[in-house]
Amino acid sequence: MTTANDALVLDAAAQDLLFREARTANTFTDEPVSDEQIQAVYELVKFAPTAFNQQPLRVVLVRSPEARERLVNQLADGNKAKTAAAPLVAILAVDNEFHEELPTQFPAFPAAKDIFFSERPVREGSARLNGALQVGYFILGVRAAGLAAGPMTGFDAQGVEKEFFADGDHSVLAVVNIGKPGADAWYPRSPRLAYDEVVTTV
Ligand SMILES: Cc1cc2nc3c(=O)[nH]c(=O)nc-3n(C[C@H](O)[C@H](O)[C@H](O)COP(=O)(O)O)c2cc1C
């Protein structure tokens, strides 16, 4: 494991909490995750950037047993048991009609709504990119709250959309289990690509 680097201004404990010691959890304790905790996560990560400040992410907290069962039915087999048992599960989707909010959310250039986003396929592509960024921000926010996230893309997206987004205007990007890590929560840490394998300079 790498150690804290003096080039970073974020304190070492926060670096560990968000990155070095944070892991993808596969089991959780029974400790509940409150709406207040998720609101605190959102109030933090909402400031992270998206193109034109478009903020396409929409979050559905799956709390009722009935809704949990409907979601679990759409998951890949390997994701079912841990999702059924997690204290909280969030469906992270994007609103492909995000452009309706642009005049208020990007007041510096309200015409962007019509100039750049009048066509649905363009909106879907932009929402997918920017929503994926927001999924990453959300995972880091969960970690900032002292919780562990278990993000998953192993599910039938059309099935989840049919169950939870009947309006046809949303695309699901990820399902995230959230809670305090339980027993044997982690798989072995996988390696990471080295700096020189990832970064080039031209
Ligand atoms: C977008 C995304 C989708 C993932 N989908 C699944 C999944 O469907 N099932 C699963 O068990 N793990 C899934 N994972 C977990 C990854 O395998 C895990 O985060 C990665 O190996 C890093 O693990 P670590 O945080 O413990 O180092 C997913 C992670 C991400 C970020």
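Both counts, for ligands and for their atoms, begin at 1 and track the order of listing. Just so it is clear, the structure is predicted and the values come from calculations on it, not from any experiment.
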Please work out whether any backbone atom (N, CA, C, O) or any side-chain heavy atom from C-beta onward of N79 is under 4.0 Å from ligand 1, and answer side chain, backbone, both or neither. side chain
Please list all pairs meeting ring pair (Phe, Tyr, Trp, His ring centres under 6.0 Å) that have one or both residues in residues 138-168, counting only residues at least two apart or in different chains. F165-H170
What verdict does the side chain to side chain contact (heavy atoms under 4.5 Å, CB included) test give for I38 and I178, after you've listed the backbone C-alpha separation in whole Å, the side-chain angles of each residue and the deciding distance to 0.1 Å? CA-CA 10 Å; I38 299 302; I178 302 169; 4.1 Å; yes
Does an N or O anywhere in R23 fall below 3.5 Å from an N or O of ligand 1? yes
Nearest protein heavy atom under 4.0 Å from [atom], yes or no:
{"atom": "atom 13 (C) of ligand 1", "value": "yes"}
{"atom": "atom 5 (N) of ligand 1", "value": "yes"}
{"atom": "atom 17 (O) of ligand 1", "value": "no"}

Apart from V202 itself, members of its ILVMFWY cluster (side-chain separation under 4.5 Å) are none
Under 4.0 Å to a heavy atom of [X] - the qualifying atoms of ligand 1, by number:
{"X": "R192", "value": "22 (C), 24 (P), 27 (O)"}
{"X": "G154", "value": "8 (O)"}
{"X": "K82", "value": "10 (C), 11 (O)"}

Tightest non-hydrogen contact, residues I115 and F109, listed as CD1-CZ, 3.9 Å
Smallest separation among heavy atoms of Q55 and Y42, with atom names: OE1-OH, 4.3 Å
Donor-acceptor pair, side chain of R192 and main chain of S190, under 3.5 angstrom: yes
Look at the side chain of Y137 and the backbone N and O of L44, then say whether any donor-acceptor pair between them is shorter than 3.5 Å. no
Around [atom], find the nearest protein heavy atom and jot down its residue, atom name and distance.
{"atom": "atom 21 (O) of ligand 1", "result": "S190 OG, 4.9 Å"}
{"atom": "atom 28 (C) of ligand 1", "result": "P151 O, 3.1 Å"}
{"atom": "atom 27 (O) of ligand 1", "result": "R189 NH1, 2.5 Å"}
{"atom": "atom 3 (C) of ligand 1", "result": "T153 OG1, 3.3 Å"}

Quick one: do the S171 and E124 side chains pair a donor with an acceptor below 3.5 Å? no
Identify which of N177, T24, V175 has a heavy atom lying nearest to atom 22 (C) of ligand 1. T24
Between K113 and E101, does at least one N-O distance fall below 4.0 Å, as a salt bridge requires? no
